[in-house]
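Here the structure comes first, spelled out in structure tokens, and everything after it is commentary.
The figures here come from the full heavy-atom set of this structure, side chains too, leaving out hydrogens, waters and symmetry mates.
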Number of protein chains: 2
Amino acid sequence: MNIREYPEPLEIIAEQFRRLPGVGKKSAMRMAFGLVDMTQDEVNELASELIDARSKLRNCRICGNLCEGETCDICADESRDSDVVCVVEDVRSLLAMERIDSFKGRYHVLGGTISPLDGRGPEDINITSLVERVGNGKIKELIIATNPTVEGESTASYIAKLFRPLGVKVTRIGYGIPVGGDLDYADELTLSRAMEGRKEI
Amino acid sequence: MNIREYPEPLEIIAEQFRRLPGVGKKSAMRMAFGLVDMTQDEVNELASELIDARSKLRNCRICGNLCEGETCDICADESRDSDVVCVVEDVRSLLAMERIDSFKGRYHVLGGTISPLDGRGPEDINITSLVERVGNGKIKELIIATNPTVEGESTASYIAKLFRPLGVKVTRIGYGIPVGGDLDYADELTLSRAMEGRKEI
């Protein structure tokens with residue numbers, strides 16, 4: 001009888017890695033072999049670093065950005081414009097926006113999209129906190145920068161419909177983002193054009 | 001001031017993932033974001049599964065294969081031929097060999113290669129245990145199946161020189177054009193090795 005299967009603990013390790021985004025079957029197994037090549041002490045250290053670092057991160061209570069304290073550096077920065085809020089799906093999109101170095105407003109991180117097909121409604125993303133922020137009266141414009149996917153678009157429409165009646169200008173970035181793409185992979189020029197070419201929705 | 005950096009704990013998580021083979025900067029960060037999207041409980045569970053599974057795996061005391069007990073299933077399998085031992089660099093190579101379903105001998109896992117340039121000598125791989133196995137007198141042939149790289153080759157020569165004087169037949173797996181491959185795409189070294197390794201039909 002030839003051995004056709006990996007030892008079970010190795011499969012378990014690979015399974016854990018597969019829970020992470022972008023990790024397929026083959027790379028999970030390669031990573032599992034790498035983990036087994038480490039000593040038990042090294043694995044313990046790696047695992048406890050993950051636990052420890054994760055526990056230090058929380059979401060900014062104002063905008064939802066990742067941070068270590070109560071509020072993030074952007075919300076705490078008095079020099080930034082409080083009138084304009086850029087609404088993004090996730091922290092990766094926020095950081096992509098920050099890299100264009102021209103947007104000086106604030107952000108709101110939705111933490112996902114509305115996707116009825118996947119059973120995700122408005123209550124599953126950070127919309128209530130956005131309603132509160134707008135309710136405080138300072139925000140004049142919401143720039144919707146959700147990804148140009150079906151879910152991103154319907155989330156954008158939902159937000160537009162919700163806030164337009166409240167007298168808030170709602171715009172959508174548009175120019176230059178390849179349809180079906182991901183903000184995180186867009187180059188800086190494309191992103192700046194998208195900001196400049198935003199349109200009211 | 002725009003935010004250009006990831007929060008430090010996020011960087012720490014990505015750094016830990018980068019310790020694993022095949023994980024680059026971008027994929028490590030994608031995985032880190034994925035980990036942060038999990039709840040603390042989920043992260044704790046993932047981490048403890050890694051620790052637990054790793055602790056269950058050890059190397060077979062005879063051949064070096066990964067296993068859960070003292071000896072691996074292959075070494076424990078009395079039906080397999082003890083005369084022939086296939087020497088491989090790592091467990092992945094062993095499993096690749098097992099998949100061909102025709103080799104019924106035993107294995108010896110070196111756990112690496114000899115590479116003087118990287119400061120790895122014969123004492124850094126499992127050669128002593130191979131000497132012991134050969135010393136027990138049953139082994140008639142060692143099939144060296146290290147990878148066809150510079151390090152794999154010099155490891156193969158070293159083993160051949162060491163065991164030939166002991167009256168053991170030492171063979172090297174054949175080089176040539178991969179089945180289904182195209183001559184046009186084969187490099188010159190592979191082609192000349194394929195010529196050398198020709199057989200009468």
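Highest contact tally toward chain B, considering only V91(A), N44(A), L66(A), L46(A), is held by L46(A) [criterion: heavy-atom pairs under 4.5 Å]. With chain B as the partner, the residue from D37(A), L57(A), I12(A) showing the most heavy-atom pairs under 4.5 Å is L57(A). The residue among G34(B), P7(B), P21(B), A47(B) with the most heavy atom pairs within less than 4.5 Å of chain A is P21(B). When each of E15(B), M38(B), E45(B) is scored by its heavy-atom pairs under 4.5 Å with chain A, the top score falls to M38(B). Residue with the most contacts toward chain A among L94(B), V23(B), N65(B), V43(B): V43(B) (heavy-atom pairs, distance under 4.5 Å).
Contacts of S27(B) with chain A are absent, with no heavy-atom separation under 4.5 Å from either backbone or side chain. If you measure heavy-atom distances from V36(B) to chain A, the contacts under 4.5 Å come from both the backbone and the side chain. Using a 4.5 Å cut-off between heavy atoms, L10(B) touches chain A through backbone and side chain atoms alike. Both the backbone and the side chain of E42(B) come within contact range of chain A, with heavy atoms under 4.5 Å apart.
Using a 4.5 Å heavy-atom cutoff, the side chains of I13(A) and E49(B) are not in contact. Inter-residue side-chain proximity for F33(B) and D90(A) is flagged as unmet; no heavy-atom pair is nearer than 4.5 Å. Residues L35(B) and R19(A) form no side-chain contact, since every pair of their non-hydrogen atoms from C-beta on lies 4.5 Å or further apart. Contact annotation: the side chain of R30(A) never approaches that of L20(B) to less than 4.5 Å [non-hydrogen atoms, C-beta and beyond]. Using a 4.5 Å heavy-atom threshold, the side chains of K56(B) and E8(A) count as separate.
Not a single donor-acceptor pair under 3.5 Å links the side chain of R54(B) to the backbone N or O of P9(A). A donor-acceptor pair under 3.5 Å is absent between the side-chain atoms of Q16(A) and the main chain of L50(B), judged by distance alone.
The local environment of NZ in K26(B) is crowded, with over 12 non-hydrogen atoms from other residues, nucleotides or ligands closer than 6.0 Å.
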